[in-house]
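Scroll down for the structure; my scribbles are underneath it.
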Amino acid sequence: MLGSYPGSLVLDRGLPLTSAGDRSEAARTIEELFARHHAEIYAYILRMVRDREVAADFTQDAFVKAYRAYDSLQEPAHARAWLYSIAHRVVLDEMRRRKIVRFIPWEGEMRGSAPSVEHEAMETRLSGPLARALDRIPERQRAALLLAEVHDLTGLELAAALGISHVAARALLTRARESLRQALAAEKEAERQAEAARDEEYRSRLSHRRPS
Amino acid sequence: MLRRVVGPKRRPDDWTTPHERALVRLSDRLDGPLDPDEALWLERHLDACEDCSSAAVAYQEERELLRALPMPEPPRDLFARTMTAIDTEEARRRGGGGVAVLARRLAPYGALGSVLIVALVVGATAFAPVTNIDVDGPGPAIPTALATSLPSTVPSARPPATPEVTPRPPAPTPIALPDVGPVSWARPADDGSYAVTLAAVGEVCAPEAAPDCAPIDSTASAVVTIDETPAQVVAAPGGSQFVVADATTRQAGGSIFALALAPTGDTGPDPSAEPSVSPSPEASPSLSPEPSIPASFEPSPSPLPVERLAILDDVVLVGEMAAYSPSGTWFAFTARPADGSHGPDVYVWRSDWTEARALTDDHLSVFASWLGERILASRVDESPAPVPSASPAALESPATGGSSSPSASPSPSSEAAQSEQRPVESILIDPESGTVSALPSDAIWRPSVDPDGRFVVYWDGTVVVDEDGLTVSPAEGRLVVARFDATAESIVSDPVTLVDGRIGDWDARWDEHGGRLALWVADPEVAGVGELDAYSVDPSTGIDLNDPLLADVIALPGLSIGHGRLAWATPPGQGGEGSRLQVLAWSGDDAGTVSSDPGPGDAPVIVVR
């Protein structure tokens, strides 16, 4: 079981070669699942990829893949975790395939996270220190945190969505919380310094104006 | 060939420090009540430890921040477009798409050695244009430029499997790229030997018209004939010498040998000559990178006489990294003994030596790349594993040491220690003097630095050593690229992820100017194939990973990059055909692709690196 990491380079390896028989049922079921869960799936993907267009594309991909993998949905009660697991794979695989939001500048900001175009385009409400800190932590940790804290997946659901064992999921979550703590602290420190620099500038302007 | 990567087995109840235990418990506490003993321990620890109690507050704040994230509104057309995509998919399946689906599943993995699968794919191609079939799976060998310009590759817009190949537009004007160096590859001959062929790239075609481009002229006779099936063939700069690893070096153990061509115009080697292989590297050492294959050449009428010298016997060749140094003086590689007595070491061979010599003796070292004439190697840190396999905490209270929901926690396993994630380090070895120095940065595995020393691709994470101590595989981490400072010999930027998650082997190579990067990553599940990406490196802006020259192309291991072209081999079975040499060539703003005729049967062609 260890060693078969589902977020691999290749999608659809396990695509069942179903006969043409019961496809409409699959399509109908996926449509129902879409109605019920697409908003949260879209929200999860958007929080991972941070670009609305890409998130919409990936959501579509995820549901098409869910349709294709319909036979692997064994227990309707687990449909939600199953959808998340598909969405998670789409995000990790497709992020790698499309190489989104990744660019090494030759000059300029090397250390720290420079806001990308996508980042700037984010809802302003979202782009506080939290969003920047989330950006700094590894993708899988970010996924674990979002799924657990924002999307309320618990225990085995979380493990299923991440495609890893229950123990590994807990360990990932632990690391994620610690990574986020450090990233948030770094963001706060950066903000504090920026503020200090502004204050300093303000003070120096004031002192220039003061008649001697 | 591909090792199974063993997952992290570090137990959740192994603590390096009480603080680590506290952080884990703080996290666990957010997900469910702790075991009373553990909760008591935690409270006591928090009272005494300021940092941990501030972490407790921070974790709570994190939770509140995350839960306050606003819920975004999905686009209005998302339902319609998703349902359209599903309906299209359904129509395709009903309309005889089954063959296409089957072909798609099989085509990229066709038959390294499996006649059955080749036969199936051949059968399938009779009904569907397999070469262009997939877009959302691993995909056939189509450059991105092609994928974006061919309407038939748009996922759901494709009509239900058209049972024949669409007539192609008239042949485009081929682009002549005179400055591009030739390509060389080994192809199977009828008698079981392999012929090393050298051919000019000549003309290429725009990717969307590549099938119309005349195949690379491979009619010229072999430069060299290799009697056994090779696993890897590496040409020295200048092209007068090759190192060949025979196919048995993949697993059972085999021989690595050098073939030296007699200088052109010579009457051939003196049969009584010493076993040292000519030409001597001292004769014309050049520090500037030379073409790995001569930039101009005359096809020779028949294979040249060669001298053969076994440089290492009874070994398993590890990985795809083996390479000549830029001057051609040295050849470095990783190998381990075939008898399984110990793990891999870095070897180096100089062409006036009768055999290769081991540079390391820790048996857990691998060659990574050349940094000038020095070897970059990586080794597993020998210091004790960071986590003791039996920690006092675990021994004292096994019942409370586990998870907060004990039913789901596996019992501690004694094997855990053997596949412990291990830290790594990278070192620089001067093969001339044997001087070893460590790179200052930690956790760098297999750095591949470009010739100008500006960028480095490496594994940022830990590795695991398998239970018999023979193979080292990436464990937790990611494959990244970062800026490098060759003077400081260190990494000077935050790494940017190339591949996240579990991977097996990979091969990252730069062209001679550091202007192009090719990255082959082994498929984690199917042995012997992988995906190839290529990027250009702009001296003024860096590497734009959003704009690859080549993306996710299915390729066999073994690539050759430099002198204006990247060459790789497609697996047999692509489109029901044999394996081909595939070339992406560029010159100025012009670029295009061209390929060889498919090789016979299911034997793969071998790119000469």
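Chain naming here is simple, since letters A, B, ... match the order of the sequence lines and numbering starts at 1 in each.
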(request) Look at B:R67, B:E61, B:R478, B:R63 and state which one has the largest set of heavy-atom pairs under 4.5 Å with chain A. (result) B:R63
(message) With a 4.5 Å cut-off on side-chain heavy atoms, are A:R175 and B:S27 touching?
(response) no
(request) Examine whether an atom of A:F34 lies under 4.5 Å from a heavy atom of chain B, and if so say whether it belongs to the side chain, the backbone or both; otherwise answer neither. (result) side chain
(message) Tell me the closest heavy-atom pair linking A:L146 and B:L69, and the distance in Å.
(response) CD2-CD1, 4.2 Å
(message) Let's go through A:R177 and B:D28 carefully: what are the C-alpha distance in whole Å and the side-chain angles of both, what is the deciding distance for salt bridge (Lys or Arg N to Asp or Glu O under 4.0 Å) to 0.1 Å, and is it a yes or a no?
(response) CA-CA 10 Å; A:R177 287 189 169 119; B:D28 288 349; over 6 Å; no
(message) Applying ring pair (Phe, Tyr, Trp, His ring centres under 6.0 Å) as the test, list every pair that has at least one member in residues 128-156 of chain A; sequence neighbours left out.
(response) A:Y44-A:H151, A:Y84-A:H151
(message) Surrounding CD of A:E191 (heavy atoms of other residues, nucleotides or ligands, distance under 6.0 Å), is the total greater than 12?
(response) yes
(request) Using a 4.5 Å cut-off on heavy atoms from C-beta on, say whether the side chain of A:L180 contacts that of B:L65. (result) no
(request) Check side chain to side chain contact (heavy atoms under 4.5 Å, CB included) between A:E31 and all other residues, then give those that pass, not counting sequence neighbours. (result) B:F79, B:M83
(message) If you apply the rule side chain to side chain contact (heavy atoms under 4.5 Å, CB included), what do you find for B:R81 with A:D57, and how did you get there?
(response) CA-CA 9 Å; B:R81 56 191 265 198; A:D57 283 356; 2.5 Å; yes
(message) Using modelled atom types and a 3.5 Å cut-off, is there a donor and acceptor pairing between side-chain atoms of B:E62 and backbone atoms of A:R181?
(response) yes
(message) Between A:L158 and chain B, with a heavy-atom cut-off of 4.5 Å, which part of the residue counts as in contact: side chain, backbone, both or neither?
(response) neither
(request) To the nearest 0.5 angstrom, please state how far the CG atom of A:L172 sits from the CD atom of B:E476. (result) 7.5 Å
(message) I'd like to know if the side chain of B:E73 pairs up with that of A:Y42 as donor and acceptor (distance under 3.5 Å, no hydrogens or angles considered).
(response) no
(request) Would you give the length of the straight line joining atom CD of B:E89 to atom CD1 of A:I30, rounded to the nearest 0.5 angstrom? (result) 11.5 Å
(message) Distance check, rounded to the nearest 0.5 Å: A:L130 atom CG versus B:L66 atom CG?
(response) 5.5 Å
(request) Under 4.5 Å heavy-atom distance to chain B, tell me which part of A:L184 shows up: side chain, backbone, both or neither. (result) side chain
(request) Using non-hydrogen atoms and a 4.5 Å limit, figure out which bit of A:I41 sits close to chain B: side chain, backbone, both or neither. (result) neither
(request) To the nearest 0.5 angstrom, please state how far the CG atom of B:L78 sits from the CZ atom of A:F63. (result) 8.0 Å
(request) Can you measure from CD1 (B:I86) to CD (A:Q60) and round to the nearest 0.5 angstrom? (result) 8.5 Å
(request) Work out which heavy atom in A:R47 is nearest to a heavy atom in B:P72; give both atom names and the distance. (result) NH2-CD, 3.6 Å
